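What follows is a short report on a single structure.
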Amino acid sequence: MTATWVKIPGLLLALSLLPLGASDAARKRVEGQYATSEQSYWRVGQLNRQLSVACQRGEFLQKDVLRVTIDYVGNSGRAVTGVATSTGNLYDPKRMSEPRKTYHFYNQGYSDCKVYVADQPRRGTGR
């Protein structure tokens, strides 16, 4: 696996993408699927307990659930997380988000919703 920086409007992430030899089924993209990874979903960023509780209460959410996703297809930690940023697809009435962060939602809409936070790299770093 190699770490690759990928960008969509308002979102720039480092991901460990599937190797070229991965099966076609594992690499198949669906609408809204941003990337796939063999790593466990909880390695996408730091678990933020405050934002996770806010998600569980409906106070910090993706506006469109799973509009942009990362599918984790490895041997452990298989899951799908939705992705949002402070500038895209985020419901944040209490303004808990920060600029230059990505928010990864696991199980939004359930009492065990978890929010993982990752830094966006600075522009011009060559990544």
Side-chain angles (χ1 to χ4, degrees):
M1 279 184 285
T2 60
T4 304
W5 291 99
V6 288
K7 185 177 187 340
I8 59 173
L11 179 64
L12 185 60
L13 298 172
L15 300 173
S16 295
L17 301 177
L18 288 175
L20 292 175
S23 72
D24 289 338
R27 289 208 245 175
K28 183 178 178 185
R29 297 276 174 100
V30 296
E31 185 176 343
Q33 181 181 1
Y34 179 61
T36 57
S37 173
E38 287 188 338
Q39 294 201 25
S40 303
Y41 74 88
W42 55 81
R43 296 191 65 200
V44 71
Q46 290 293 117
L47 176 64
N48 185 303
R49 296 194 189 282
Q50 178 183 4
L51 295 178
S52 295
V53 169
C55 178
Q56 294 162 13
R57 293 179 177 165
E59 299 168 348
F60 190 82
L61 306 166
Q62 302 163 84
K63 287 181 182 176
D64 294 322
V65 177
L66 300 178
R67 182 172 128 203
V68 177
T69 65
I70 299 174
D71 294 4
Y72 301 88
V73 297
N75 291 330
S76 68
R78 290 181 182 209
V80 175
T81 61
V83 183
T85 67
S86 62
T87 60
N89 196 36
L90 186 65
Y91 173 74
D92 183 17
K94 294 187 175 183
R95 299 184 183 208
M96 295 181 278
S97 66
E98 298 177 37
R100 307 202 55 74
K101 302 284 185 186
T102 57
Y103 300 95
H104 304 265
F105 292 82
Y106 172 78
N107 269 1
Q108 178 176 313
Y110 294 93
S111 62
D112 65 342
C113 177
K114 295 178 186 172
V115 178
Y116 295 86
V117 181
D119 291 325
Q120 291 180 0
R122 295 179 187 208
R123 293 186 190 273
T125 60
R127 294 184 180 168

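None of the values given here were measured: they were computed from a predicted structure. Every heavy atom of this structure was used, including side-chain atoms; hydrogens, water molecules and symmetry mates were not. Note that the numbering runs from 1 along the sequence shown for the chain.
The backbone N or O of Gly88 lies less than 3.5 Å from a partner atom in the side chain of Thr85, making a donor-acceptor pair. Of the possible donor and acceptor atoms, none in the side chain of Thr69 sits under 3.5 Å from a partner among the backbone N and O of Asp71. In terms of modelled atom types and a separation under 3.5 Å, the side chain of Asp92 and the main chain of Arg95 share a donor-acceptor contact. Counting only distance, with no hydrogens or angles, the side chain of Gln56 and the backbone of Cys113 share a donor-acceptor pair below 3.5 Å.
Taking Ile, Leu, Val, Met, Phe, Trp and Tyr as hydrophobic and joining them when side-chain heavy atoms fall under 4.5 Å apart, one finds Tyr91 in a cluster with Leu61.
Taking both residues in full, the closest heavy atoms of Ala84 and Asn89 are given as CB-O, 3.4 Å, listed atom of the first, atom of the second, then distance. Residues Gly45 and Ala118 approach most closely at CA-CB, 4.3 Å, considering heavy atoms. In terms of heavy-atom proximity, Gln62 sits nearest to Arg67 at OE1-N, 4.4 Å.
Under a 4.0 Å N-O distance rule, the pair Asp119/Lys101 qualifies as a salt bridge.
Here the CG-CE distance, from Asn48 to Met96, works out to 9.0 Å after rounding to the nearest 0.5 Å. Taking CD1 of Ile70 as the start and OG1 of Thr81 as the end, the distance is 4.5 Å to the nearest 0.5 Å. With rounding to the nearest 0.5 Å, the separation of NZ in Lys94 from CD in Glu59 is 3.5 Å. Atoms CD and SG, on Gln50 and Cys55 in that order, are 13.0 Å from each other to the nearest 0.5 Å.
Side-chain contact between Ser40 and Tyr72 is absent, with no heavy atoms from C-beta onward closer than 4.5 Å.
Aromatic ring orientation, Tyr106 versus Tyr41: parallel (interplanar angle below 30°, classes split at 30° and 60°).
Note on Tyr116: it clusters hydrophobically with Val68, by side-chain heavy-atom contacts below 4.5 Å among ILVMFWY residues. When the side chains of ILVMFWY residues are joined at heavy-atom separations under 4.5 Å, either directly or via intervening members, Val44 and Leu47 end up in a single hydrophobic cluster. Residues Val117 and Leu90 share a hydrophobic cluster, clusters being chains of Ile/Leu/Val/Met/Phe/Trp/Tyr side chains in contact below 4.5 Å. Trp42 and Val115 sit in two unconnected hydrophobic clusters of ILVMFWY residues. Membership requires side-chain heavy atoms under 4.5 Å apart, directly or through other members. Follow the hydrophobic side-chain contacts under 4.5 Å out from Val83 and you never reach Leu51; the two are in separate clusters.
Not counting sequence neighbours, Ser52 has no partner by the side chain to side chain donor-acceptor pair (under 3.5 Å) test.
Residue-environment remark: CG (Asn75) stays at or below the threshold of 12 foreign heavy atoms within 6.0 Å. Atom CD of Gln46 is surrounded by 12 or fewer heavy atoms from other residues, nucleotides or ligands within 6.0 Å.
A distance below 6.0 Å separates the ring centres of Phe105 and Phe60.
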